[in-house]
There are 2 protein chains.
Amino acid sequence: MILRNQVEWALHCCAVLAGLPQDRRLSTRTLAEFHGVPKEYLSKALQALSQAGIVSGTLGPAGGYRLARPADDITFLDIVEAVEGRRSTFACTNIRFNNPCRQPCADDGTKACSVARIMWQADEAWRDSLRGITLAAHAAILAKDLSPEVLERNRQWLLSRG
Amino acid sequence: MILRNQVEWALHCCAVLAGLPQDRRLSTRTLAEFHGVPKEYLSKALQALSQAGIVSGTLGPAGGYRLARPADDITFLDIVEAVEGRRSTFACTNIRFNNPCRQPCADDGTKACSVARIMWQADEAWRDSLRGITLAAHAAILAKDLSPEVLERNRQWLLSRG
DNA sequence: TAATTACGGATATATTGTATCCATAAGGAT
DNA sequence: ATCCTTATGGATACAATATATCCGTAATTA
Ligand code: FES
Ligand code: FES
């Protein structure tokens, strides 16, 4: 089990957008070149973000994407779920009901399986962790990781493209 | 991203074994019939559990599997990792280094990407949650969920097969 | 009008998950 | 000794998903 590449791409794209003025837009082409990933496929991830209301896309020249909400109102979970979906990472197929000595209409079918409950609880812990980090919080981490020069250089490169 | 069916099967098989006397063994065929899953494919999951030292398999008639350790020394994480592997659910492909305006030999390459660190932290939260539940703890939950009659009926069916 | 963009559908390929089959070695029953 | 049953591991086939590309459309700007 492994998350899609799209997740890494989407997170980085959102992080980049969070570092720019809110009204500035970046095109799919610029974002693809900046991250060195195929433009056509990245477009699918950006469309998913757009449909989820995380970014806003506009048509025409000088069009592109910007964040649809303030950076402190977008969590990592929002982005991951937009690309990866909201279904639990654990799928219960109810094999407990295949039990050959189980009586039909037993009253043990009203509650979810104990195994599934534990797995879903772990899934929620994963989501809680991602829900705790906003793009604004990540920008603060990034500011400590990278030197101001590197950040400014990236910023200028992106703004010169659009 | 979704976990394999094997995970659900492996967890249920271990839960079944935990409800039996430690020296009793169950064959792949019995476990497959009990859960209504293909015997040949379930065998692969049991082999993974065997190789991870969670269950112990013996050959010959009256052979089969038993837990290799006490039930309070086997966590859900042990079982999930045996089947699903231990790699993180998030794979970083280092797209940050594809940055076209990045200078070679920059000092920002010594640390893992901030995005990856956040994703790996969430992965650890998921694992921590699974690490907190042992087969013994699950057995206690099961005892509250199911009626003693159902548990005993299953127990007898399994013991009569082996 | 022409160029550029997001958007969505269709398609192709690669990777992974699912499932089955078979050969082998080992243990128990006769 | 012989036969049956079992786990083990390799090989193979099939299905589902991930990855990637292509193209047509509509909207926007110059
Ligand atoms: S029946 Fe699906 S996890 Fe128990
Ligand atoms: S480069 Fe892989 S997560 Fe940032």
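Note that the structure is predicted; figures quoted are calculated from it, not measured.
The nearest whole Å value for the distance from the CG atom in B:L59 to the P atom in D:dG9 is 10 Å. Look at CD1 on B:I95: it is 13 Å from P on D:dT19, rounded to the nearest Å. The separation between B:I2 atom CD1 and D:dT17 atom P is 8 Å, rounded to whole Å. If you measure from atom CD of B:E40 to atom P of D:dT6, you get 12 Å, rounded to the nearest angstrom. In this structure, B:Q6 places its CD atom 15 Å from C1' of D:dA16, rounding to the nearest Å. Atom-to-atom, OH of A:Y41 to P of D:dA18 comes out at 8 Å; the value is rounded to the nearest Å. A:N5 places its CG atom 12 Å from the P atom of D:dT21, with the value rounded to the nearest Å. In this structure, NZ of A:K39 is placed 16 Å from P of D:dA20, rounded to the nearest angstrom.
Listed by chain and number, the residues in a ring-ring contact (aromatic ring centres under 6.0 Å, His included) with B:F34 are B:W157 (sequence neighbours excluded). For A:F76, the ring-ring contact (aromatic ring centres under 6.0 Å, His included) criterion is met by A:H138, not counting sequence neighbours.
Nucleic acid contact class of B:S43 (heavy atoms, under 4.0 Å, all strands): base.
Using a 4.0 Å cutoff to heavy atoms of chain B, the contacted part of DNA chain C runs 5' to 3' from C:dG17 to C:dG28.
Mapping A:M1 and A:Q47 onto DNA chain C by nearest heavy atom places A:Q47 closer to the 5' end of the strand.
A donor-acceptor pair is defined here as one N or O able to donate and one able to accept, closer than 3.5 Å; no such pair exists between the side chain of B:R24 and the backbone of B:G162. Of the possible donor and acceptor atoms, none in the side chain of B:N94 sits under 3.5 Å from a partner among the backbone N and O of B:R96.
Within residues 60-68 of chain B, the residues that place at least one heavy atom under 4.0 Å from DNA chain D are, in residue-number order, B:G60, B:P61, B:G64, B:Y65.
Not one side-chain nitrogen or oxygen of B:R29 sits closer than 4.0 Å to the OP1 or OP2 atom of D:dT5. One finds no side-chain N or O of B:T58 lying less than 4.0 angstrom from the OP1 or OP2 phosphate oxygen of D:dA7. Look at B:S50 and you'll find a side-chain N or O under 4.0 angstrom from OP1 or OP2 of D:dT8.
Considering only heavy atoms from C-beta on, A:S56 comes within 4.5 Å of A:R25 through its side chain.
Salt bridge B:D23/B:R66: absent, no basic N to carboxylate O contact under 4.0 Å. Between B:E33 and B:R29 a salt bridge is recorded (basic side-chain N to carboxylate O distance below 4.0 Å).
A donor-acceptor pair shorter than 3.5 Å cannot be found between the side chains of B:Q47 and B:Q51.
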Give every donor-acceptor pair under 3.5 Å between a side-chain atom in residues 121-129 of chain B and any protein atom, sequence neighbours left out.
{"unit_1": "B:D123", "atom_1": "OD1", "unit_2": "B:R127", "atom_2": "NH1", "d": "2.2"}
{"unit_1": "B:D123", "atom_1": "OD2", "unit_2": "B:T89", "atom_2": "N", "d": "2.8"}
{"unit_1": "B:D123", "atom_1": "OD2", "unit_2": "B:T89", "atom_2": "OG1", "d": "2.7"}
{"unit_1": "B:D123", "atom_1": "OD2", "unit_2": "B:R127", "atom_2": "NH1", "d": "3.1"}
{"unit_1": "B:E124", "atom_1": "OE1", "unit_2": "B:R131", "atom_2": "NH2", "d": "3.3"}
{"unit_1": "B:R127", "atom_1": "NE", "unit_2": "B:E81", "atom_2": "OE2", "d": "2.9"}
{"unit_1": "B:R127", "atom_1": "NH2", "unit_2": "B:R86", "atom_2": "O", "d": "3.4"}
{"unit_1": "B:R127", "atom_1": "NH2", "unit_2": "B:R87", "atom_2": "O", "d": "3.3"}
{"unit_1": "B:D128", "atom_1": "OD1", "unit_2": "B:R131", "atom_2": "NH2", "d": "2.7"}

Check the interface with nucleotides 10-12 of chain D: list each N/O to N/O pair with the protein under 3.5 Å, or write none.
{"unit_1": "D:dG10", "atom_1": "N7", "unit_2": "B:K44", "atom_2": "NZ", "d": "3.4"}
{"unit_1": "D:dG10", "atom_1": "O6", "unit_2": "B:K44", "atom_2": "NZ", "d": "2.6"}

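Hydrophobic clustering places B:L158 together with B:L67 (ILVMFWY residues linked when any side-chain heavy atoms are closer than 4.5 Å, directly or through intermediates).
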